[in-house]
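Working notes, beginning with the structure itself.
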Amino acid sequence: MTKEYYQAHPDDVHKYWELFGGLILKAMTKTQQEDYTLEGCYHRLTTNQWQLFVILNDEELESIFVTSVIPFDLCCYLNPMFLAGVDTNKVDLKFMQECIEDVAKKFNCNKIMGGGRKGWIRVLSKFGYEDLQLVVKTL
């Protein structure tokens with residue numbers, strides 16, 4: 001079994017949008033994400049504001065993840081925004097974490113941040129993530 005990951009070129013995002021868009025929508029629905037639209041995700045991915053990565057298992061698409069890079073004055077964050085497995089594939093979180101850390105290093109990020117369903121912290125704490133509170137007020 002050979003696992004590898006690649007960043008999808010913006011042209012490939014466009015070419016395979018039916019597949020990628022469906023997977024992103026699946027992730028958005030599961031996390032009850034209401035801050036983005038699928039059309040906005042498409043625009044950011046095809047203009048390289050965000051990055052889409054594919055994980056292959058024996059050359060077959062197993063899962064995807066979408067990231068954004070957020071620069072601050074004293075640090076730079078990689079924000080894994082969406083991740084989804086193809087069909088009923090469970091996401092291999094250990095391998096995905098290795099990929100995300102590698103991507104963070106390639107983009108000169110020294111921190112990784114993310115959000116999602118409350119249950120993620122139990123899983124992600126095993127990979128060294130801390131639960132820092134975020135408060136939001138809708139105006």
Side-chain angles (χ1 to χ4, degrees):
M1 175 169 63
T2 304
K3 284 197 181 197
E4 52 198 347
Y5 81 96
Y6 298 98
Q7 182 176 355
H9 188 278
D11 292 342
D12 290 332
V13 171
H14 172 74
K15 184 176 180 181
Y16 299 107
W17 182 245
E18 189 172 318
L19 170 62
F20 294 144
L23 292 169
I24 292 169
L25 182 61
K26 175 180 160 182
M28 290 172 75
T29 303
K30 276 190 154 189
T31 59
Q32 300 174 342
Q33 178 56 257
E34 298 176 348
D35 292 334
Y36 303 105
T37 63
L38 199 52
E39 294 79 18
C41 293
Y42 172 81
H43 173 74
R44 288 177 191 88
L45 288 167
T46 57
T47 58
N48 216 21
Q49 295 173 40
W50 289 357
Q51 307 79 39
L52 184 139
F53 294 88
V54 296
I55 294 180
L56 304 177
N57 187 355
D58 289 333
E59 299 184 8
E60 293 287 324
L61 182 62
E62 179 179 274
S63 56
I64 66 160
F65 62 100
V66 174
T67 64
S68 67
V69 175
I70 306 170
F72 285 85
D73 293 341
L74 301 176
C75 64
C76 187
Y77 285 91
L78 182 74
N79 182 13
M81 313 209 24
F82 305 111
L83 53 105
V86 174
D87 298 325
T88 57
N89 288 345
K90 287 200 86 163
V91 174
D92 180 347
L93 290 176
K94 184 178 184 303
F95 184 75
M96 177 139 336
Q97 178 59 34
E98 292 169 7
C99 296
I100 289 170
E101 288 181 14
D102 191 47
V103 168
K105 290 173 188 168
K106 287 180 180 175
F107 282 106
N108 295 315
C109 298
N110 53 353
K111 294 185 179 187
I112 299 170
M113 73 169 175
R117 294 177 294 180
K118 195 170 190 131
W120 274 112
I121 191 57
R122 187 181 73 244
V123 174
L124 294 177
S125 64
K126 297 174 186 172
F127 296 107
Y129 288 87
E130 299 175 64
D131 183 12
L132 302 176
Q133 297 300 314
L134 171 68
V135 295
V136 176
K137 178 180 179 178
T138 302
L139 302 176

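Every heavy atom of this structure was used, including side-chain atoms; hydrogens, water molecules and symmetry mates were not.
- Residues forming a side chain to side chain donor-acceptor pair (under 3.5 Å) with Y42 (at least two apart in sequence, or on another chain): H14.
- Residues passing the side chain to side chain donor-acceptor pair (under 3.5 Å) test with K26, sequence neighbours excluded: none.
- Under the side chain to side chain donor-acceptor pair (under 3.5 Å) criterion, T29 pairs with no residue at all, not counting sequence neighbours.
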Using residues 63-73 as the side-chain source, report each donor-acceptor pair under 3.5 Å to any protein atom, sequence neighbours left out, with the distance given to one decimal.
residue: T67; atom: OG1; partner: Q51; partner atom: OE1; Å: 2.6

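- Residue R44 holds its CZ atom at 8.0 Å from OG1 of T47, rounded to the nearest 0.5 Å.
- The pair K105-E101 does not count as a salt bridge, with every side-chain nitrogen at least 4.0 angstrom from each carboxylate oxygen.
- Expressed to the nearest 0.5 Å, how far CZ of F53 lies from CG of D102 amounts to 9.0 Å.
- Between L45 atom CG and W17 atom CH2 the span is 5.5 Å, to the nearest 0.5 Å.
- We find the CG-CD distance between D87 and E62 to be 11.5 Å, quoted to the nearest 0.5 Å.
- Here the shortest heavy-atom pairing between N110 and C75 reads OD1-CB, 3.3 Å.
- Residues forming a ring-ring contact (aromatic ring centres under 6.0 Å, His included) with F20 (at least two apart in sequence, or on another chain): none.
- Closest heavy-atom contact between V91 and G85: CG2-N, 3.6 Å.
- Note: L52 CG to F82 CZ = 11.0 Å, rounded to the nearest 0.5 Å.
- Side-chain atoms of P10 and N48, non-hydrogen and from C-beta on, do get closer than 4.5 Å to each other.
- Remark: D12 engages no residue in a salt bridge (charged side-chain N to carboxylate O under 4.0 Å, His left out) (not counting sequence neighbours).
- Within the 3.5 Å criterion, the main-chain N or O of K3 finds no donor-acceptor partner in the side chain of N57.
- Taking each heavy atom of Y36 and M28 in turn, the nearest pair found is O-CE, 3.1 Å.
- No side-chain heavy atom of D35 sits under 4.5 Å from any side-chain heavy atom of M81.
- Within the model, atoms CG of D92 and SG of C99 stand 8.5 Å from one another, a figure rounded to the nearest 0.5 Å.
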TODO: Mind running side chain to side chain contact (heavy atoms under 4.5 Å, CB included) on L78 and K106 for me, showing each step along the way?
DONE: CA-CA 10 Å; L78 182 74; K106 287 180 180 175; over 6 Å; no
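- Looking at W50 and C41, their side chains come closer than 4.5 Å, going by heavy atoms from C-beta outward.
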